[in-house]
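Read through the structure below, which is laid out as C-alpha cells, and then see the notes.
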Amino acid sequence: MQMRDAHFPRRAPIEAYGHGGFRFANMSHRGSILILHSGIYAWEAPDPARLDAASLKRVFREAEPPELLLIGTGRRLQQPAADLRLACSEHRIGLDVMDTGAAVRTYNVLLAEGRSVGAALIAVD
C-alpha cells in the first residue's frame with residue numbers, strides 16, 4: 001500500500017485554527033500545513049527554532065511559487081534561519097514571519113484580494 005501526502009488541490013481560506021490543526025474548505029486537518037498555488041499540503045513542520053530552507057523545499061520546487069510567503073511560527077514569533085531568507089530572496093519570494101494567528105488572518109485577506117500568497121503554518125494547541 002502506498003501512502004500519499006495529504007493534499008487539497010487548491011488554495012482556500014482558513015476557516016479556523018487551533019486545537020493542533022486547521023479548518024478549510026469545510027474540512028479539518030490535524031497538524032501543520034503548507035499552502036501553495038498547487039494546493040494545501042500536510043507539512044511536517046520542524047520546531048520553529050529549526051525552521052530553515054530545507055524544511056520548505058516544496059515551496060522552492062513549485063512551478064508557480066508565491067510572490068509572498070507567510071510563515072506562522074506557532075503561538076509566538078520566532079525568526080527563521082538566515083538560509084531561509086536567502087533562499088526566498090534567490091527565488092524572488094517575499095517573506096513575512098509572524099505568529100500563526102497573525103499569519104492566518106493575513107493570508108485570508110491577501111487571498112481574498114487575489115494576491116499571489118503562500119503560507120507555512122505551524123499548528124497551535
Side-chain angles (χ1 to χ4, degrees):
M1 180 166 93
Q2 179 182 3
M3 294 297 287
R4 293 191 142 164
D5 288 337
H7 174 243
F8 180 73
R10 63 180 173 81
R11 294 183 304 168
I14 302 301
E15 299 160 0
Y17 71 96
H19 303 290
F22 299 88
R23 283 193 50 75
F24 54 89
N26 295 316
M27 299 183 299
S28 64
H29 170 79
R30 187 140 179 85
S32 299
I33 57 174
L34 185 59
I35 306 170
L36 301 169
H37 289 288
S38 61
I40 302 176
Y41 298 87
W43 178 43
E44 290 294 325
D47 179 271
R50 295 178 178 252
L51 194 58
D52 61 7
S55 59
L56 289 168
K57 62 186 173 194
R58 184 184 294 267
V59 174
F60 306 120
R61 292 191 320 232
E62 274 288 288
E64 183 183 354
E67 291 176 11
L68 175 64
L69 178 66
L70 304 172
I71 298 180
T73 59
R75 288 248 175 245
R76 62 185 177 88
L77 169 66
Q78 292 192 35
Q79 292 299 324
D83 78 318
L84 177 55
R85 290 193 180 280
L86 180 61
C88 285
S89 178
E90 288 172 350
H91 287 86
R92 298 181 181 206
I93 299 171
L95 179 65
D96 202 351
V97 182
M98 56 195 78
D99 65 75
T100 294
V104 165
R105 291 185 296 276
T106 303
Y107 165 77
N108 283 342
V109 168
L110 296 176
L111 181 68
E113 292 176 352
R115 301 272 306 273
S116 174
V117 63
L121 303 172
I122 295 176
V124 296
D125 292 326

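We're numbering straight along the sequence, starting at 1.
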| task | Would you sort out whether D96 and I71 count as a side-chain contact (heavy atoms from CB on, under 4.5 Å), showing the intermediate values? | result | CA-CA 6 Å; D96 202 351; I71 298 180; over 6 Å; no
Could you tell me whether H29 and F22 have their ring centroids closer than 6.0 angstrom? no
Are V109 and I40 co-members of a hydrophobic cluster defined by side-chain heavy atoms under 4.5 Å apart?
-> no
(Q) Within the supplied structure, the quantity of interest is the number of heavy atoms (other residues, nucleotides, ligands) at a distance under 6.0 Å from E44 CD; does it exceed 12? (A) no
request  = Spell out, as yes or no, whether a donor-acceptor pair under 3.5 Å connects the side chain of E64 to the backbone of S38.
outcome  = no
Can you get from L68 to V104 by hopping between Ile, Leu, Val, Met, Phe, Trp and Tyr side chains that sit under 4.5 Å apart? yes
Side chain to side chain donor-acceptor pair (under 3.5 Å) filter on R23, not counting sequence neighbours, yields none
Just so I know, are the side chains of Y41 and I33 near enough to count as touching, which here means a heavy-atom distance under 4.5 Å? no
Check whether R50 reaches the backbone of S55 with its side chain - one donor and one acceptor, N or O, closer than 3.5 Å.
no
Next item on the list: Decide yes or no for P66 and L36: does some side-chain heavy atom of the first lie under 4.5 Å from some side-chain heavy atom of the second?
Entry: yes
Using a 4.5 Å cut-off on heavy atoms from C-beta on, say whether the side chain of V97 contacts that of L95. yes
*State yes or no: do V117 and V59 share one hydrophobic cluster built from I, L, V, M, F, W and Y residues joined by side-chain heavy-atom distances below 4.5 Å, directly or via other members?*
no
Note: A25 and R10 closest approach over all heavy atoms is CB-NH2, 4.4 Å
Please lay out, stage by stage, how L56 and L84 fare under the test side-chain contact (heavy atoms from CB on, under 4.5 Å). CA-CA 8 Å; L56 289 168; L84 177 55; 3.7 Å; yes
Applying side chain to side chain contact (heavy atoms under 4.5 Å, CB included) to T106 and not counting sequence neighbours gives L70, M98, L110
Interatomic distance, CG@L121 vs OH@Y17, rounded to 0.5 Å, equals 10.5 Å
- Item | 4.5 Å side-chain heavy-atom contact, Q79 and T73 | no
Minimal heavy-atom distance between F24 and P13, with the atoms involved, is CB-O, 3.4 Å
Output for pair (T100 OG1, R105 CZ), nearest 0.5 Å, gives 10.0 Å
Taking R115's backbone N and O only, do any of them form a donor-acceptor pair with E67's side chain (distance below 3.5 Å, no angle check)? no
| message | R58 vs L34, test: side-chain contact (heavy atoms from CB on, under 4.5 Å). Steps then yes/no. | response | CA-CA 9 Å; R58 184 184 294 267; L34 185 59; 3.9 Å; yes
When rounded to the nearest 0.5 Å, the distance separating OG of S28 from NE2 of H19 is 11.5 Å
Are the side chain of S89 and the backbone N or O of R92 linked by a donor-acceptor pair below 3.5 Å? no
Checklist entry - Counting N and O atoms only, with roles assigned by atom type, does the side chain of H91 sit under 3.5 Å from a partner on the main chain of R61, one being a donor and the other an acceptor? => result no
* Would a distance-only check, ignoring hydrogens and angles, find a side-chain to backbone donor-acceptor pair under 3.5 Å from W43 to I122? -> no
Rounding to 0.5 Å, atoms CG (L69) and CD (E62) come to a distance of 11.0 Å
_I'd like to know whether L111 forms a side-chain contact (heavy atoms from CB on, under 4.5 Å) with R11, so could you lay out the CA-CA distance, the side-chain angles of the two residues, the decisive distance to 0.1 Å, and finally the verdict._
CA-CA 8 Å; L111 181 68; R11 294 183 304 168; 3.6 Å; yes
Rounded to the nearest 0.5 angstrom, the CD-CG distance for Q78 and L51 is 9.0 Å
Rounded to the nearest 0.5 Å, the CD1 atom of I14 sits from the CD1 atom of I35 at a distance of 4.0 Å
